[in-house]
Protein chains: 2
Amino acid sequence: MGDTTDDSEHIDGRRARGERRRAEIIEATLAVVTRDGAAGVTHRTVAKQAGTTTSLSTYYFATLDDLLVAALTSVADAYTARIRDIIDSPGDKLTGLAHLIAESGGPGRERALAERELATLAARRPALRPVARRWRENIAELATTLTDDPAAIAALVAASDGLCTAILLDNAPADPDHIQAVLRRAVR
Amino acid sequence: MGDTTDDSEHIDGRRARGERRRAEIIEATLAVVTRDGAAGVTHRTVAKQAGTTTSLSTYYFATLDDLLVAALTSVADAYTARIRDIIDSPGDKLTGLAHLIAESGGPGRERALAERELATLAARRPALRPVARRWRENIAELATTLTDDPAAIAALVAASDGLCTAILLDNAPADPDHIQAVLRRAVR
DNA sequence: ATCATGTTTGAACGTTAGTACAATTAGTAC
DNA sequence: GTACTAATTGTACTAACGTTCAAACATGAT
């Protein structure tokens with residue numbers, strides 16, 4: 001997380017510090033979403049979480065919307081990277097996906113919850129829609145390595161999403177084998 | 001609040017009026033959720049939408065949470081009734097379900113959006129969780145008329161949920177035939 | 001008519017929100 | 001050093017929030 005680009009020829013130190021602050025504020029935003037939900041995100045709560053002042057939050061993110069967009073983008077990027085890892089790894093892809101989904105029931109629950117909350121937000125704000133769609137597109141990309149049937153691809157995406165919902169709603173540890181069975185049924 | 005503490009048979013007209021008001025406020029709440037999202041729900045916005053005063057909203061729903069619970073329950077009840085109709089009707093059940101889901105992309109989009117928003121809210125408030133779960137349980141009930149395989153039932157529920165997400169996110173009219181194909185793949 | 005009870009209102013309380021802005025600090029270039 | 005710019009702070013304003021409350025109203029029961 002903390003890599004500093006000090007090896008570069010001539011970097012404006014102020015800019016580097018600014019971008020670090022920016023990242024800190026985004027991280028604080030996600031922490032707030034995780035703890036209190038998207039409704040709990042205000043410049044004040046985020047600033048307090050980040051250990052700075054309210055005005056600094058507005059300095060980097062002029063409006064609350066900017067802040068939420070940045071936060072959603074960040075969390076979506078992280079999740080996307082996980083899926084990409086599964087696609088690129090040599091093992092069975094459905095097994096990997098099943099374990100990733102199962103994380104929503106364990107320690108990754110709050111992260112998954114945050115993403116879901118922000119995705120719901122996206123349904124109403126067109127600016128956030130492409131970001132929210134990326135998760136689905138990546139699952140679809142994974143599916144194309146398994147089948148060519150468009151219906152099967154759609155089925156896998158839908159099943160992944162629905163399974164995630166079920167896990168979050170049940171609030172119980174999920175069984176990767178069961179998840180995998182449902183997924184496998186979709187692409188079969 | 002007075003419940004059915006009165007054992008006598010006479011009808012109190014005031015009670016009927018009160019329950020009508022209550023229903024109006026719930027309807028207004030759903031209208032607000034539809035227009036501005038769950039974040040836009042305040043006693044003031046709801047009251048204005050219902051054409052009454054702020055205090056009347058708090059009179060019927062002491063806290064904002066009560067209001068949201070009532071609204072979510074109401075919309076879940078309506079959707080549940082639709083699924084029950086499909087279960088009880090003689091025609092092909094997956095065709096009926098597919099058309100119901102497809103409505104999320106047409107005129108029923110805002111209604112579906114409201115339900116989804118409230119369901120997301122449920123993930124963080126345990127009080128709302130049972131209500132949110134009912135939708136899934138009814139789909140499962142429909143599935144039991146088609147198969148005994150638990151994995152197939154879970155697959156149908158997950159697929160229905162995921163398809164709904166896709167439709168809402170794509171914001172395009174949905175093709176019932178395509179939906180049906182995905183659903184049929186789940187229970188096959 | 002009188003009473004009791006449910007309904008409705010308007011105003012007010014204290015709190016917190018978004019936002020703006022002048023002032024201050026800190027780093028960079030000259 | 002001075003000048004410039006980005007980063008940061010403290011403060012203040014307005015608007016809206018949830019909630020409370022005493023009073024007024026409406027209506028069915030007696």
Side-chain angles (χ1 to χ4, degrees), chain A residues 4-6 8-29 32-33 35-71 121 125 127, chain B residues 1-29 32-33 35-71 121 124-125 127-128:
Chain A
T4 36
T5 58
D6 40 323
S8 193
E9 357 130 29
H10 199 220
I11 288 283
D12 193 337
R14 288 170 297 187
R15 173 179 211 132
R17 194 160 103 238
E19 289 190 357
R20 200 185 326 136
R21 264 280 197 248
R22 206 183 142 87
E24 280 176 20
I25 293 176
I26 288 181
E27 201 172 337
T29 303
V32 171
V33 171
R35 182 170 13 93
D36 303 324
V41 172
T42 73
H43 277 136
R44 280 177 170 83
T45 56
V46 166
K48 176 176 279 186
Q49 174 75 30
T52 73
T53 61
T54 303
S55 2
L56 196 58
S57 176
T58 70
Y59 173 72
Y60 284 101
F61 303 94
T63 117
L64 261 193
D65 235 68
D66 293 344
L67 189 52
L68 285 170
V69 170
L121 230 107
R125 317 197 191 197
Chain B
M1 292 296 180
D3 243 18
T4 50
T5 57
D6 201 345
D7 43 343
S8 69
E9 326 255 303
H10 66 265
I11 303 163
D12 194 336
R14 287 168 296 184
R15 168 181 226 131
R17 193 159 106 240
E19 289 190 358
R20 199 183 328 134
R21 262 281 197 246
R22 207 183 142 86
E24 281 176 20
I25 293 176
I26 288 181
E27 200 171 340
T29 304
V32 171
V33 172
R35 184 174 9 96
D36 303 324
V41 172
T42 74
H43 276 137
R44 281 177 170 84
T45 55
V46 166
K48 176 176 280 187
Q49 175 74 29
T52 73
T53 61
T54 304
S55 11
L56 195 59
S57 176
T58 70
Y59 173 72
Y60 283 101
F61 304 93
T63 119
L64 258 193
D65 235 68
D66 292 345
L67 187 53
L68 286 171
V69 170
L121 230 106
R124 212 173 294 275
R125 316 197 193 197
L128 281 105

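We name chains A, B, ... by the order of the sequence lines, and we start the count at 1 in each one. Note that the structure is a prediction, hence the values are computed from the model and not measured.
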A.B. asks: Contact between A/Leu67 and A/Leu64 at the side-chain level, heavy atoms closer than 4.5 Å - yes or no?
C.D. replies: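 The answer is yes, as the side chains (C-beta and beyond) meet within the 4.5 Å cut-off.
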A.B. asks: Residues from residues 44-53 of chain B sitting under 4.0 Å of DNA chain D, heavy atoms only?
C.D. replies: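 Here the set is B/Arg44, B/Thr45.
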A.B. asks: Would you mind telling me which of D/dT19, C/dT7, C/dT19 lies closest to the side-chain atoms of B/Thr63?
C.D. replies: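 For the B/Thr63 side chain, the nearest candidate turns out to be D/dT19.
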A.B. asks: Provide the Watson-Crick or G-U wobble partner of C/dT8, both distances under 3.5 Å; none if there is no partner.
C.D. replies: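 Its partner is D/dA23.
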A.B. asks: Rounded to the nearest 0.5 Å, what's the gap from OG1 on B/Thr52 to OH on B/Tyr59? Could you check?
C.D. replies: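 Atom-to-atom, B/Thr52:OG1 and B/Tyr59:OH are 13.0 Å apart.
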A.B. asks: Quick one: is B/Arg21 getting a side-chain N or O under 4.0 Å of the C/dT7 phosphate, OP1 or OP2?
C.D. replies: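 The answer is no; no side-chain N or O of B/Arg21 sits under 4.0 Å from OP1 or OP2.
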A.B. asks: With nearest nucleotide decided by heavy atoms, which residue, A/Thr54 or A/Tyr59, maps closer to the 5′ end of DNA chain D?
C.D. replies: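 Its nearest nucleotide being more 5', the pick is A/Tyr59.
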A.B. asks: For a quick check of understanding: with a heavy-atom distance under 4.0 Å over all strands, which category does B/Leu64 fall into, base, sugar-phosphate or nothing?
C.D. replies: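 It contacts sugar-phosphate atoms only.
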A.B. asks: Return the value, rounded to whole Å, for the distance between atom CZ of A/Arg22 and atom P of D/dA6.
C.D. replies: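 Going from A/Arg22 (CZ) to D/dA6 (P), I get 15 Å.
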A.B. asks: Would you kindly give the CG-to-C1' distance between A/Leu56 and D/dT9, to the nearest whole Å?
C.D. replies: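 In whole Å, D/dT9 C1' lies 9 Å from A/Leu56 CG.
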A.B. asks: Scan B/Thr42 against the nucleic acid and name what it touches under 4.0 Å (heavy atoms): base, sugar-phosphate only, or nothing.
C.D. replies: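 Here B/Thr42 touches the backbone only, sparing every base.
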A.B. asks: Would you mind reading off the distance between B/Phe61 atom CZ and D/dT20 atom P, rounded to a whole angstrom?
C.D. replies: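 So the two atoms are 16 Å apart, to the nearest Å.
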A.B. asks: Charged N to carboxylate O below 4.0 Å: is that the case for A/Arg22 and A/Glu19?
C.D. replies: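 Judged by the 4.0 Å cut-off on N to carboxylate O distance, A/Arg22 and A/Glu19 do not form a salt bridge.
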A.B. asks: Rounded to the nearest 0.5 Å, what separates atom CZ in A/Phe61 from atom CD1 in A/Ile26?
C.D. replies: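 Nearest 0.5 Å value for the CZ-CD1 distance: 4.0 Å.
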A.B. asks: How long is the straight-line distance from NE2 of B/His43 back to CD1 of B/Ile25, given to the nearest 0.5 Å?
C.D. replies: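 That separation rounds to 8.5 Å.
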A.B. asks: Quickly work out the A/Arg20 CZ to D/dA6 P distance and round it to whole Å.
C.D. replies: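 Rounding to the nearest Å, CZ of A/Arg20 and P of D/dA6 are 18 Å apart.
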A.B. asks: From NE2 of B/His43 over to C1' of D/dT20, roughly how many Å is that when rounded to an integer?
C.D. replies: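 Distance, rounded to whole Å: 12 Å.
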A.B. asks: Hey, could you give me the CD/OG1 distance between A/Glu24 and A/Thr29, rounded to the nearest 0.5 Å?
C.D. replies: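 Going from CD on A/Glu24 over to OG1 on A/Thr29, the span is 11.5 Å.
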A.B. asks: Would the distance check show the side chain of B/Thr45 and the main-chain N or O of B/Gly40 forming a donor-acceptor pair, the cut-off being under 3.5 Å?
C.D. replies: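 Yes, the answer is positive, given that a donor and an acceptor are paired below the 3.5 Å cut-off.
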